[in-house]
Amino acid sequence: MQYFLWVLGLGVLGFFIGKFIKHKSLYPFMPFRYDFRKRRGTFLKVLELLEKTKSKLIIETGTSREGLHGAKSNGAATIVFGKWAKQNSAFLHSVDISEKSVAASQQEVDRQKLNSSVKIHLSDSIAFLENFKERVDFLYLDSYDYSDDIDVQTKSQIHHLKEFKAIEDQLHDNSIVLIDDCDLPNGGKGKLVVEYMLKHDWRILINAYQILLVRNKFVA
Ligand SMILES: C[S@@+](CC[C@H](N)C(=O)[O-])C[C@H]1O[C@@H](n2cnc3c(N)ncnc32)[C@H](O)[C@@H]1O
């Protein structure tokens, strides 16, 4: 019986240690309990570069439809970069085609008191980007959901390429671009846009679950 309790105790301890090691928080920037898992490394690098380049204008396509609770699944980027924007006198525009996603994201933005630094727009991202005429310091592409379906994959890849082309003229030598959901079958959301960017004077800084790119002339 005693032996059984020891083994059980060790098993439970191992389980919690494993959970702790896998937990990738952005603490102290975000509360410890939120797990950013596969996006933590790229988010940390972006936060560092935003600071170094004194970024002021951020655009995100695809908003945080699960608020901060979606940190592990979706990224919760609206809240992460919205919070950074608030602390650094910058501004985040987040655009989404779904009323439901916009409403949920807006609720979290309200809860986190980020309204003075974040605006969520209800629109197709390409239409929004085509009409956007300010200089963009950081562009985060994360809209059209990727899936196992080849047809959806292709549509998502084409959509993200079109997003980039729609805002390309507003990017400058020190702009930063991050693309989500890339390390997935058939190249993920970034396949076509990364191919295009590499032919147009951009280089990859981090190639992981997300791909982070800057121009060849970039200096931080
Ligand atoms: C993965 S979620 C975005 C997650 C968010 N970036 C985050 O970090 O939590 C994808 C979102 O893209 C939106 N979306 C899909 N197609 C779109 C389009 N054509 N234009 C704008 N948003 C779109 C969906 O409604 C959904 O809310």
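This chain uses plain numbering: 1 for the first residue, then up along the sequence. Below, all heavy atoms of this structure are taken into account, side chains as well, without hydrogens, waters or symmetry copies.
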(Q) Less than 4.5 Å apart, side chain to side chain, heavy atoms only: is that true for T53 and F138? (A) no
(Q) Quick one: does any side-chain atom of N174 pair with a main-chain N or O of F218 as donor and acceptor, under 3.5 Å? (A) no
(Q) Can a donor-acceptor pair be found, under 3.5 Å and without considering hydrogens, that links the side chain of H160 to the backbone of D180? (A) no
(Q) Between D142 and R39, does any NZ, NE, NH1 or NH2 come within less than 4.0 Å of an OD or OE carboxylate oxygen? (A) no
Q) Could you give the distance from CG (N216) to NE2 (H200), rounded to the nearest 0.5 Å? A) 12.5 Å
Q | Separation of L212 CG from L205 CG (nearest 0.5 Å) | A | 5.0 Å
Q: Test side chain to side chain contact (heavy atoms under 4.5 Å, CB included) on E134 and Q170 and set out the steps.
A: CA-CA 6 Å; E134 290 170 60; Q170 311 311 325; over 6 Å; no
**Q.** K83 side chain vs F29 backbone, donor-acceptor pair below 3.5 Å
**A.** yes
Q: Measure the spacing between OH of Y34 and NE2 of H69 and express it to the nearest 0.5 Å.
A: 5.0 Å
Q: With the side chain counted from C-beta on, respond yes when K56 and F91 share a heavy-atom pair under 4.5 Å apart, and no when they do not.
A: no
Q. Do side-chain atoms of N88 reach the backbone of A90 as a donor and acceptor pair under 3.5 angstrom?
A. no
**Q.** Enclosure of K38 NZ (heavy-atom neighbours >12, cutoff 6.0 Å)
**A.** yes
(Q) Quick check: is L26 connected to L114 through a chain of hydrophobic side chains (ILVMFWY, heavy atoms under 4.5 Å apart)? (A) yes
Q. What is the minimum heavy-atom distance between I176 and S55, and which atoms define it?
A. CD1-OG, 4.3 Å
Q. Is the closest side-chain heavy-atom distance between S175 and W202 below 4.5 Å?
A. yes
Q.
Side-chain heavy atoms nearer than 4.5 Å, only ILVMFWY residues, links allowed to pass through others: does that put L57 and V118 together?
A. no
Q.
As a quick check of understanding, evaluate side chain to side chain contact (heavy atoms under 4.5 Å, CB included) for Q112 and L68, giving each step before the final call.
A. CA-CA 10 Å; Q112 302 294 330; L68 256 179; 3.5 Å; yes
Q: Write down the atom of I206, the atom of G41, and the distance for their closest heavy-atom approach.
A: CD1-O, 4.5 Å
Q) If you take all heavy atoms of S125 and H159, which pair is closest and at what distance? A) OG-NE2, 2.8 Å
Q. In Å and rounded to the nearest 0.5 Å, what is the CD1 to NE2 distance from I58 to H93?
A. 10.0 Å
(Q) If you define the side chain from C-beta out and look only at heavy atoms, does anything of L92 sit under 4.5 Å from Y140? (A) no
Q.
Over 60° means perpendicular and under 30° means parallel, so tell me whether F128 and F132 are parallel, tilted or perpendicular.
A. tilted
Q) What is the ring orientation for F43 with F81, classed by angle as parallel under 30°, tilted 30 to 60°, or perpendicular over 60°? A) perpendicular
Q. When you measure from the side chain of K217 to the backbone N and O of D201, does any donor-acceptor pair fall under 3.5 Å?
A. no
Q) Does a side-chain heavy-atom distance below 4.5 Å link K165 with K162? A) no
Q: Check whether any side-chain heavy atom of V80 lies under 4.5 Å from a side-chain heavy atom of V46, and answer yes or no.
A: no
**Q.** Closest approach of I179 to M197 (non-hydrogen atoms, all atoms of both residues)
**A.** CD1-SD, 4.4 Å
Q) Under 6.0 Å from the six-membered ring centre of Y144 and within 45° of its axis: does the NZ or CZ of K155 meet both? A) no
**Q.** Derivation and outcome, side chain to side chain contact (heavy atoms under 4.5 Å, CB included), residues K22 and D35
**A.** CA-CA 9 Å; K22 272 201 209 151; D35 183 0; 5.7 Å; no
Q | Same apolar cluster (I L V M F W Y, side chains within < 4.5 Å links), L50/L178 | A | yes
Q | Pairwise distance CG(L192) to OG1(T154) - rounded to 0.5 angstrom | A | 8.0 Å
Q.
More than 12 heavy atoms of other residues, nucleotides or ligands under 6.0 Å from NZ of K100: yes or no?
A. no
Q. Ion pair present between R111 and E108, side-chain N to carboxylate O less than 4.0 angstrom?
A. yes
Q. Any donor-acceptor pair under 3.5 Å linking the side chain of S101 with the backbone of T63?
A. no
Q) Hey, what do you get for OG (S73) to CD (E66), rounding to the nearest 0.5 Å? A) 4.0 Å
Q.
Main chain of S147, side chain of Q153: is a donor-acceptor contact present, judged purely on distance under 3.5 Å?
A. yes
Q | Heavy-atom closest pair, residues F32 and H23 | A | O-NE2, 2.6 Å
Q.
Less than 4.5 Å apart, side chain to side chain, heavy atoms only: is that true for L47 and W84?
A. yes
Q. Do I211 and L161 share a hydrophobic cluster (ILVMFWY, side-chain heavy atoms under 4.5 Å, transitive)?
A. yes
Q. When you check the gap from the basic side-chain N to the acidic O, do E195 and K191 get nearer than 4.0 Å?
A. yes
Q: Answer whether the closest heavy-atom distance between the side chains of H172 and D137 falls below 4.5 Å.
A: yes
Q. Do any N or O atoms from the side chain of K119 and from the backbone of S116 form a donor-acceptor pair under 3.5 angstrom?
A. no
(Q) Quick check against the 3.5 Å criterion: does E163 have a side-chain atom that pairs as donor or acceptor with the backbone of S143? (A) no
Q) Okay, side chain of Y146, backbone of G188: is any donor-acceptor separation there less than 3.5 Å? A) yes
Q: Search all heavy atoms of A71 against all heavy atoms of A76 and return the closest pair with its distance.
A: CA-CB, 3.8 Å
Q.
Which residue is it: I59, T61, L141? I am looking for the one with a side-chain contact (heavy atoms from CB on, under 4.5 Å) to I167.
A. I59
(Q) Same cluster or not: L129 versus L122, using hydrophobic residues (I, L, V, M, F, W, Y) connected whenever any side-chain heavy atoms lie under 4.5 Å apart? (A) no
Q: Give the intermediate values and the outcome of side chain to side chain contact (heavy atoms under 4.5 Å, CB included) for residues D96 and S105.
A: CA-CA 10 Å; D96 202 293; S105 185; over 6 Å; no
**Q.** Over 12 non-hydrogen atoms of neighbours within 6.0 angstrom of CG in D148
**A.** no
